Amino acid sequence: MQPVINNEHTIRRVKTSRFSLGTLFMYIVLTAWSLTTIYPLFWIVNNSFKVSSDVMNKSFSLALEPVLVNYTTAFDRINIGKSYINSLIMSGGTVLFVLLFGGLAAYVLSRFTFKAKRPIYSLLYATLLIPAFATVVPVYEILIKTGLVNTYWGLILPQTAGNLTFATLVIAGYMTTIAKELEEAAFIDGCNRWQMFVKIFFPVSRPAFASVSIFVFLWSYNDLFSALIFVNKESVRPIVALLNEISSQYGTDFGLMATAVALTVIPVLIIYLFISKFIEKGLTEGAIKG
Amino acid sequence: MKGDRKYILIFLFPMAAFMSIFLYYPFFKSLYLSFFRTKGFFDKKFVGWDNYERLTSDSLLGASTLHTLELMLYVIIFQVGIALVLAVMVDNISKFQGFFRTVFFFPVVISGTAISLLFVLFYNYNFGLLNSILANLGLEKVLWLSESNALKAVAVPTVWHYVGFYFVLFLTAMSKIPNDYYEAAKLEGIKGFQKMTKLTIPLILSDIKVVITLAITGSMKVFEFVWVVSRGKNNTEVLGTYMYKKALVDQNFGYGSTIAIYMVVLGVILALLANRLLKSEEITY
Amino acid sequence: MKKPSLVLINMLLIFTMFLAACGGNNTAKNAPSETPKEVETPKTEDPKPEEPKKDVSLRVFSTFGGTDTAREAFQAALDEFTAKNPNVKINNDTMSANDDGFRTKVNTDMNSGNEPDLLFYFAGIDAQGFVDAGKVVPMNDILDADAEWKNGFTPSALENTRQADGNIYAIPLTGFYEGLFVNKQLFKDNNLELPTDWDKMKKAVQTFAAKGIIPLAAPFDQSHYVVEHFILSAAGPAGQAKGLKDGIDPNWEKGYAAMKELYDLGAFPKDAATIDLGMASNYYGTGKAAMILEGSWAFGGFADAAVKDNTTVIPFPVVPGGLGSGKDIIGGFGSGFYLTKATYDNADKKDAAIALMKHLTSPATIQKIAVANGGTPAANVEITGLAQAANDGMAMAANSTSINNPVDSKIAPETFSTLRAAVQQVVTGKKSPADALKEAKAIEDANKK
């Protein structure tokens, strides 16, 4: 009994002195790291108000006399509003498909026992390693032959395929640890596998789905290479295509690059703020307990 | 469960269909190309195992492999390590959680090319930030991207860029640990560092496995930082840049495909090896 | 291939509906209940051949986008055409030649039935694939049929884009020259003569290096212009034109030996290994470097107006033992407009496409583009309003004894990469010039298999 009592003492002490040394240390480390992560965003925004040669040669000084030329060029070169909508439709569509199909596959791989499971995992690892450059030409040929080039599907379908592996692995990793009792209880209630996925595994794994969705959105949204090849047309062009406007054989406009990056980053950050609420602890606990 | 076979097939089918059409079929085309000597897009000639023989005698490929492995080591130790520590810390504090969660994510959002340019301007010998600081202090300028240093210098942005990614994945994983576990641990007097090693890490081991797999496969494909910061010179050529040079710059798709296949095989072996090492009984809560 | 994709899409739709239907109340809000809308499959398919002046839509794929200096001039030329021909709608598709996907996209388009109507692309080896595959139309007859159009070109410009099979496929707009860009002011400040011969070059390098000014802003990795100039200067026009097909011309070694000689005198920037061409140009453009090997497109990139004003362009001097005359320069008409076979065979589009081609390569358009990008015009037109340095460049080209296509047009791309990769190894003494060339020759042979 003795140790237990001692422990209670310590706990109380921790509670009373709200900032123990350990906590202080944690805040110092976290703050230090956050400085390194905030700075580049600031750097980008700051440089988006400079002309190219100043970005190159004075990128670390404040843009005290901000120039708006990059923003006017950006708005001139691409229909920003339309492109945001295109991006939202295509990346949003990709996220929905990836979550649905990846979620189902993850459910199978994490909660079922069957022989082909290990080979499938190995295959998934292999899939993660396929470089985009090795598949782009055949994929483009498929899209041309099916008439999907320069349509929303022309980007959604390949990107869904490209992101499924990541989603499946992460969601499966999360689902593996969900208590068996939940599953058994549902089974007794007469749920079939589909209902079990919808009613139990999906809600319980919501944080995993949320994080996966933000990354899939991000990658799909930032994928300039695919966008330029598969959907290079005014009516379907996503916002990332703005990055195509920054260079030519005559050189790169670094100021315009900073502006393009700033303009593309903002929506993702807003979406992230929204989604990160789902990752918070409170949401899931109810589900696990209930 | 009864009828599981049916559900296994139905649930896996969409993924299988997508990946077969848009990944496996194209990749098998690459496999096919690896037996050809290609000239651009229109002309190719069957050469049997020539490209694979070239793999074995290609000293640049050997060097690229070593550099990739070194980079992978940094990524696993520092990227995953820092992310884990940060996630545990954020999980343990009560104030500003949301703030840290948000700002740690910032770099992930910014494209690799832009981050690379930032580091080019850090490292530049003639007017970069680091050398300007040294010059102001009256010190000698340093060639940051020298033959002995360049790979480490490139590793810094590579590692740093995606810490936020693993950080989010770890936080997600930790969100599923029920609070009662922590309360029980508290009663047992387990806290701080011990709590991390004895409780948190074992409980999210399946997620750590996933993260390490992602780290291994991700570092096999590192490209942008090397390409922009050091151009693959001074002992920084990695498999990603080497394959790119062969396939897209040299338009030798045959050999480029062969390198891609080599990368996949090597990556799978490493991923399986890592999973073997991390093998543990499956736990559920 | 049409069917599987439709099946796939239907399948997706069915799956989504399935989910929405079976999801139950509590999940309905999370279920993806809407699928992304599909836009109308575009591609104005060939309109039916009836009335003569009906609407035609042409896709022009070029590099006149992004930061290209001729971007506006090109768009204006297109607008001029559509103003005169209101029935023609032009789709101005651009992609930077620098982009990873440019060659890939062009070639895949050509290969898979997604050809643009007019394509602005490189001539020579780069185009060999789709030329041999018959994807583009030889322009010889069309040129001959319209004497006025044909006579608008400088004959040498048309000659320059002739493919190996003897036909002209690419109709040129503007060409380029490369040379040694020197900062006259820096030379004057240091009492140096311009590097018109090797001794003056060495003296300049030594002097600048001692003063902490970068003598020659040249990167090791993107050493295209370095390799091109040293080989031309060492082997002379005939020696470089041979490429590596029939063995190694021993004079090429002198080029690499000369690189090492300059490197040992401190010619290259300290960080030459890791900078790219953009950074090298920045060193020169901000006055940190005294010389750079570049092309006629480089003027727009120099940051400092004073540097631009003080720049002149001269031929690269002859390296020790080199066969060059000291007045040989690199240049040519590396690209032009192609008319695709698919369009030529399409009765509706053919005439409009040819008319557009003629408009885009008329002396008037060529003049405007040349003024915008500082290139050498493919037509006999007067270019005014250029900066002094650009005029110097034009004069250099006019006074040269020979204008040579760069050596990379004579060898396989992989061989050229090998030659570039050898620069660092040779100048740092890790490889002898002879070994470097042997290695390149082996790659060339493998590519010619």
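In the text below, chain A, chain B and the rest are named by the order of the sequence lines, each starting its count at 1. Fair warning: this is a prediction, and the values are worked out from it, not measured in the lab.
Aromatic ring centroids of Phe209(A) and Tyr174(A) lie 6.0 Å or more apart. For an aromatic pair to be called close, the ring centres must be under 6.0 Å apart, and Phe120(C) with Phe61(C) fails this.
Using bins of under 30°, 30° to 60° and over 60° for the plane-to-plane angle, the ring pair Phe197(A)/Phe202(A) lands in the tilted bin.
Ser91(A) and Thr94(A) are not linked by any side-chain donor-acceptor pair at a separation below 3.5 angstrom, with hydrogens and angles left out of the test. There is a side-chain donor-acceptor pair under 3.5 Å between Asn92(C) and Gln75(C). Between the side chains of Thr174(C) and Asn373(C), at least one donor-acceptor pair of N or O atoms lies under 3.5 Å.
Only the backbone of Ile246(A) has a heavy atom closer than 4.5 Å to any heavy atom of chain C. Heavy atoms closer than 4.5 Å to chain A are found nowhere in Asn107(C), neither backbone nor side chain. At a 4.5 Å heavy-atom cutoff, the contact between Asn57(A) and chain C is made by side-chain atoms alone. With a 4.5 angstrom heavy-atom cutoff, Thr63(C) touches chain A only via side-chain atoms. Proximity to chain A (any heavy atom under 4.5 Å) is restricted, for Asn282(C), to the side chain, taken from C-beta onward. Contacts of Thr286(C) with chain A are made by side-chain atoms alone, with heavy-atom separations under 4.5 Å and no backbone atom involved.
Counting heavy-atom pairs under 4.5 Å between each of Asp109(C), Asp68(C), Thr69(C) and chain A puts Asp68(C) at the top. When Val136(A), Leu99(A), Asn232(A), Val95(A) are compared by the number of non-hydrogen pairs under 4.5 Å with chain C, Asn232(A) comes out ahead.
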